[in-house]
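Below you'll find the structure, written out as structure tokens, and then a few comments.
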Amino acid sequence: MSRCALLLTSSSTVPETHQPNSRKPTPETLENTLLYTFKSPFELKQIHAQIIKTNTPTSALRPSHVASVCALTPSFPYARKIIQLTANHETDIWNSCLKDFSESDSPNDAVRLFNRLCTYGVCLNAFTLTFLIKACTKLSDGLGGRIVHGFIEKLGFQSNLFLQNSLVHLYVVSGEVDNARQLFDKMPDRDVVTWNIMIKHLVKRGDVDEAYGLFATMPERNVRSWTSMIMGFVRGGRPKDAIELFTRMEEERLCPNEVTVVAVLAACADLCALDLGKKIHEFSNRSGFKRNVRVCNTLLDMYIKCGCLEAACGVFEEMENRTVVSWSAMIQGLATNGKGEEALTLFSKMIQSQIKPNEVTFIGLLHACSHMGMVNAGREYFASMSRDYGIVPQIEHYGCMVDLLSRAGLLKEAREFIKNMHIKPNGVVWGTLLGGCRVHKNIELAEEAIKHLLELDPLNDGYYIVLSNIYAEAKRWEDAARVRKLMRENGVKKTPGSSSISVNSVVHEFVAGDETHPQTEAIQERWEELLEEMRIKGYVPNTSVVLLDIEESEKVRFLFRHSEKLAIVFGLISTANGTPIRVMKNLRVCEDCHAALKLISEIVDREIVVRDRNRFHCFKNGACSCKDFW
DNA sequence: CTAGGGTTAG
């Protein structure tokens, strides 16, 4: 007890009480001798001299401290002698020193120490090598890996699973895939850790199917295996598979940990699966994960992406420690929900709280300005990011600026901005300008934008469709048809619209025209009923959004089977009256659906939240939160 | 005393 307290207050100079004195060291003063904190070999030698003078046993020096102070200095041999005199196992002392170095900010120190141990012929054991591998892993040092590999062979540790696994991991991390594979294939024994390392590796490479193949066939699975695979599906853009896997994990009665929770929440966020997300939130609180910042940040993100700003605020308020990620997520959330002013206020609070913004923070801020048409504020933030915070604008920031300007109708300025960019504009940048051209009906600039887009991103169907719509709205039917023909000639297919809705933690996915759902008939029936009431309220199908050369009546049939309509009607018949409906769509909501959903929200008196590619639409009492501008 | 997941945007 007293030792700790004293250690904290001791200064770097030798304390008064350690001056030579007449008292013979008693166990108590001997204990005090251990308080000596020396910061250099020089100080150590002074103290050592005193110890000898006062006849104090050398064991009064803590060998691990001696080791860490002298390890990388010319006094290594001197330190080694003291350690050999005072410690039972010299190797243990150096190992713990290696461990500390490998976990420090300069893991290279561990490598340097290891070289010394070899030079001076210090006896090594398996632990020595694991710490060395740890350092190499931190440094992504594959060459180091091959050297350690040699030591493992030389010292006869081929059957040490810890070492083999660490080495496979090191090879994987440093990109030496062939070496990793070879070692993996040669390993006499493998355990669940070995398999988990390989799964992780395959997931990182993007081979989710191959990873799942391994996962399905590996002899033993633990929570980490399941978590890695769930995460793999999320990263691979397959959140539905992620959630299904999580359900199976629960059936096997395995208990999720913090990381599992992060993975599943990310899947919920991607699918707008609020019901499951809420359950995970409760589970997380019950399990005491509340203090984990990453869990909280993912929770924030989940609520924001499900369109539940209030819930997100609740989590944010309760958080003990907020990082730049927490603040940035909230700013972004407010921005995409049409609360730009609040987003900017939150940014000021963040600065007041001494949190340094990063590049993501500014994307949120620029979004906020762009959704509110605050052109000057946006310009100022853009200038400020590099001037005040030293953040170099990335292509995404330029994209935000083009969005800000072109949404506000400053199309010429937006084009000038693109011309003056310090980076080569990409498809997103020109596509953003194209979007602005549609809103503000500028055909000339749209044609310029599409020229660049046909070069930069010729397979992206979205741009053809926007241009075709621009022509159609100007009643230039032949031009519209020409664009569609070009699209066919270039072999570009329209991405099928698809919407998903989560009911009782099961995600239901609908693609346009879907008739595969078990409840298709009931959905159709309810839709017909709604259609009647909508017509009374003046609904007329807007077939101009159907870009197909077909009969008008056929167009209507297509229109009525847009995926968001199917998903929402399914939601209506499978949830209790008054329950809000949340649907997520892979593309932008079409104008006809937008008009229809406004009416439906009024007819059924429910809140309908649709998250589309860009933003949220919250339909309530016949109106949408986007105020018809999107 | 040793090995294997995680957060914001695009």
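A quick note: this is a predicted structure, and the numbers were derived from the prediction, not measured. Throughout, protein chains are lettered first and strands after them, A, B, ... in sequence-line order, and every chain is numbered starting at 1.
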Have a look at [X] and say if it touches a base, only the backbone sugar-phosphate, or nothing, with a 4.0 Å heavy-atom cut-off.
| X | answer |
| --- | --- |
| A:N160 | nothing |
| A:S166 | sugar-phosphate |
| A:S96 | nothing |
| A:K305 | sugar-phosphate |

Task: Under 3.5 Å: donor-acceptor pair, side chain of A:H452, backbone of A:A449 - done: no
- [ ] Without swapping roles, check the side chain of A:D461 against the backbone of A:T495 for a donor-acceptor pair under 3.5 Å.
- [x] yes
Open item on the list: Any residue in residues 140-157 of chain A with a heavy atom nearer than 4.0 angstrom to DNA chain B? Just list them by number, or reply none.
Closed with: none
TODO: Give, ordered by number, those residues of residues 190-203 of chain A having at least one heavy-atom distance below 4.0 Å to an atom of DNA chain B; if nothing qualifies, reply none.
DONE: A:D191, A:V192, A:V193, A:N196, A:I197, A:K200
Task: Inter-residue atom distance A:L456.CG - A:W430.CH2, 0.5 Å rounding - done: 9.0 Å
Open item on the list: Once rounded to the nearest 0.5 Å, what's the spacing between atom CZ of A:R322 and atom CG of A:N297?
Closed with: 11.0 Å
Task: Flag if over 12 foreign heavy atoms under 6.0 Å of CG, A:D105 - done: no
- [ ] Give a yes or no on this: more than 12 heavy atoms of other residues, nucleotides or ligands lie within 6.0 Å of atom NZ of A:K240.
- [x] yes
Open item on the list: Both conditions, 6.0 Å and 45 degrees, for the charged tip of A:R80 above the ring of A:Y120: are they met here?
Closed with: no
Open item on the list: Students should find this one: the first and last nucleotides of DNA chain B, 5' to 3', lying under 4.0 Å from a heavy atom of chain A. What are they?
Closed with: B:dC1 to B:dG10
